[in-house]
Undergrad: 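Mind having a look at this structure? Questions to follow.
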Amino acid sequence: MSLMAQNPLSLGHILEEFDQCADLNHRSYPEVEIDVLYFSHSVDSVLFMREIQEPFSKTRLDEVDRLLQQSQFTPAKDPKQVVIGILEGNVGVFHRGMVYLLDVFSPETRGVQQSETETIIAGPHDAFVESALTNISLVRGRLKSPHLKIRKYAVGEVSKTAVYLLYIKDIANPKFVDDMERRIQTIETDALNDGGMLTQFIEDMPNSVFPQFLTTERPDVIASKLAAGRVVAIVDNSPTAVSAPAAFFEFFSSPDDYYQRWALGTALRLLRYMALLITITFTALYVSVTTFHYEMIPEALLRTLAESRNRVPFPPVYEALLMEIMIELLREAGARLPTKIGQTIGIVGGIVIGQAAVQAGLTSNVLIIAVASSAIASFVIPSYMMSASIRLIRFGIIILTGVWGNMGLVMGIAAVVIHLSGLTSLGTSYVIPVAPMKSGDWKDVFIRAPFSMLRTRPSQSATSNRVKQTNRK
């Protein structure tokens, strides 16, 4: 065996690593003893032409070493570095037993567009895309500070997905930064494909139905979270960023609250808490009063309700579960189908099936109103993850009320409150500022007070630099 073949940095050895990779390109320049390996779909063709094709086509053999000493060519020390470099979009340049890497990474990605899951009325409309570096540039465009620090990790035994940890030095609590770093580094999986997957690996209680980290597609939200002292993770190939620590009440806040007058922002925030109450209790209350507590129904409404339920053969709890499942089926079908067909599904389900179900005696008019109100109220919650969690626990509360009436409703809500009280996010309370009581934070949780009153960062950030605004009166 020749010395070149024994060299782990030889072209033959690296080609063996990429055996049966049909998308790998291999070009030779025999006049200058140069071979290059690269994935054409990952490199910028213009840069490749300017930095590789033209120079090596015109250079003499005695000038190659001088050319490769230029700063854009990085010498590789071991074959693993070469393989990873080529996989990450570098061009591997092989010359006389040496390998150099040239970064010309430029994959095809979609442009920055409006978020479809977190739409707002006022404020910026740009959203994250699948390129982590593009997402970081969107954040840096909003936080032009050298104190914005970024650490990079590779997660996934096979995927080697790049995960970036962002925080603002002197504002973020170092304990949170170190804790997030430790959790990310301990992930053991073959592939990490999305920020939503990341949260399930690093959450304090991954079996809970409630999200313990805030996920968002909006760069303005991430910029505000960083400025508030939180830590952010951005996953490559994912439009979703993760913010931690997070609190339950944080999921009911929308960027719209801050881009409109404070009075309007406060009213909208209170409306969302009312929507939370409606989506949890409306259908359950219908089951409770029609099963056990007819005395709670006003006399004028009692006759209407009795007539409405006269033809329904099922107990109220079965009737309610049937309609709730039907609503979830319509919602899931609408989300999976193209937009125009999804709208048709909504019309067919909401009007045709709903009316037909009443006429067929499968359900009552009053239940249709209760289920529809609960469904509409769930859409008011800004976070899709939290909205989905609330919808899921609603089924459990309906079953409890079908068994024990109002007592079951109280037991269900109490169980949810107890569960929330036991949750933590990065070791902090999930229901702060209620428990532990931090009344100073209420002005930006239950209401949206004027900016002149929002002078401190939230207590959950546990930052020593709490004051964020000092010069306003």
Side-chain angles (χ1 to χ4, degrees), residues 123-124 136 138-151 164-181 204 211-216 218-234 241-260 262 265-266 268-269 272-273 382-383 386 423-473:
I136 290 173
L138 292 173
V139 177
R140 276 215 182 270
R142 289 170 166 82
L143 298 173
K144 301 179 180 64
S145 168
H147 293 283
L148 174 59
K149 306 300 181 186
I150 300 175
R151 301 180 185 178
Y164 297 86
L165 184 63
L166 284 68
Y167 65 96
I168 298 180
K169 185 181 177 184
D170 299 331
I171 294 180
N173 190 322
K175 289 184 179 178
F176 293 155
V177 178
D178 295 340
D179 196 3
M180 278 288 283
E181 181 180 58
D204 295 20
Q212 291 139 59
F213 290 164
L214 181 73
T215 55
T216 179
R218 298 189 58 83
D220 56 330
V221 172
I222 288 301
S224 67
K225 298 302 178 188
L226 287 167
R230 291 187 168 86
V231 185
V232 168
I234 292 179
V242 178
S243 167
F248 174 75
F249 303 103
E250 199 177 341
F251 292 88
F252 297 87
S253 174
S254 168
D256 264 335
D257 300 349
Y258 301 96
Y259 301 147
Q260 304 181 81
W262 71 268
T266 298
L268 291 174
R269 194 168 291 182
R272 292 187 204 111
Y273 288 119
S383 168
M386 180 57 73
L423 286 180
T424 57
S425 177
L426 274 188
T428 63
S429 171
Y430 192 58
V431 289
I432 195 172
V434 173
M437 178 73 76
K438 301 289 181 183
S439 57
D441 290 349
W442 287 24
K443 58 182 179 294
D444 194 23
V445 172
F446 299 110
I447 63 171
R448 207 287 275 170
F451 284 122
S452 58
M453 298 176 62
L454 304 178
R455 299 187 178 188
T456 57
R457 296 185 174 86
S459 302
Q460 192 184 30
S461 299
T463 173
S464 58
N465 185 3
R466 285 210 65 195
V467 179
K468 65 177 181 180
Q469 186 173 286
T470 58
N471 59 349
R472 288 184 62 91
K473 295 182 179 179

Undergrad: So Leu268 and Gln260, side chain to side chain contact (heavy atoms under 4.5 Å, CB included) or not? Walk me through it.
TA: CA-CA 10 Å; Leu268 291 174; Gln260 304 181 81; 3.6 Å; yes
Undergrad: What pairs with Asp257 under salt bridge (Lys or Arg N to Asp or Glu O under 4.0 Å), at least two apart in sequence or on another chain?
TA: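 Expected list: Arg269, Arg272.
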Undergrad: Is Lys175 atom NZ crowded by more than 12 heavy atoms from other residues, nucleotides or ligands, each under 6.0 Å away?
TA: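 No, NZ of Lys175 has 12 or fewer neighbouring heavy atoms, counting only those of other groups under 6.0 Å.
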Undergrad: Can you check whether Val221's main-chain N or O pairs, donor with acceptor, with Ser224's side chain at less than 3.5 Å?
TA: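 Side chain of Ser224 to backbone of Val221, a donor-acceptor pair under 3.5 Å: yes, one is there.
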Undergrad: Is it true that a side-chain atom of Thr428 and a backbone atom of Gln460 form a donor plus acceptor pair closer than 3.5 Å?
TA: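 A pair under 3.5 Å: no.
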Undergrad: For Arg218, enumerate each residue passing the side chain to side chain donor-acceptor pair (under 3.5 Å) test, keeping only those at least two apart in sequence or located in another chain.
TA: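 In terms of side chain to side chain donor-acceptor pair (under 3.5 Å), with neighbours along the sequence ignored, Arg218 is linked to Asp220.
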Undergrad: Keeping Asp441 on the side-chain end and Pro433 on the backbone end, is there a donor-acceptor pair under 3.5 Å?
TA: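 No; zero donor-acceptor contacts below 3.5 Å.
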Undergrad: Are any non-hydrogen side-chain atoms of Arg151 and Val177 less than 4.5 angstrom apart?
TA: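 Side-chain contact under 4.5 Å: yes.
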Undergrad: Go through it in stages, so that I can follow the logic: the residues are Val139 and Val232, the test is side chain to side chain contact (heavy atoms under 4.5 Å, CB included), and I'd like the CA-CA distance, side-chain angles, deciding distance and then a yes or no.
TA: CA-CA 11 Å; Val139 177; Val232 168; over 6 Å; no
Undergrad: Counting distance only, does the side-chain N/O of Ser425 pair as donor-acceptor with the main-chain N or O of Tyr430 below 3.5 Å?
TA: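 Checked: no pair found.
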Undergrad: Arg457 side chain to Ala228 main-chain N or O, any donor-acceptor pair under 3.5 Å?
TA: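 Between the backbone of Ala228 and the side chain of Arg457 there is no qualifying donor-acceptor contact (under 3.5 Å).
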Undergrad: Can you tell me if Ser254 uses its side chain to pair, donor with acceptor, with the backbone of Asp256 under 3.5 Å?
TA: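 Judged by distance alone, yes, a pair lies under 3.5 Å.
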Undergrad: Could you check if a side-chain atom of Arg230 sits within less than 4.5 angstrom of a side-chain atom of Phe176, using non-hydrogen atoms only?
TA: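 No, every pair of side-chain atoms sits at 4.5 Å or beyond.
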Undergrad: Would you check, one step at a time, whether the test side chain to side chain contact (heavy atoms under 4.5 Å, CB included) holds for Lys438 with Val445?
TA: CA-CA 11 Å; Lys438 301 289 181 183; Val445 172; over 6 Å; no
Undergrad: Measure from the side-chain N and O atoms of Asn173 to the backbone N and O of Gly229, and report whether any donor-acceptor pair falls under 3.5 Å.
TA: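 Not at all, since once roles are kept as given, no pair shorter than 3.5 Å links the two residues.
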Undergrad: Are the side chain of Thr215 and the backbone of Val242 linked by a donor-acceptor contact shorter than 3.5 Å?
TA: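 No, because the side chain of Thr215 does not come within donor-acceptor range (under 3.5 Å) of the backbone of Val242.
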Undergrad: Using salt bridge (Lys or Arg N to Asp or Glu O under 4.0 Å) as the criterion, list what pairs up with Arg140, not counting sequence neighbours.
TA: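 Counting only residues at least two positions away or on another chain, Arg140 forms no salt bridge (Lys or Arg N to Asp or Glu O under 4.0 Å).
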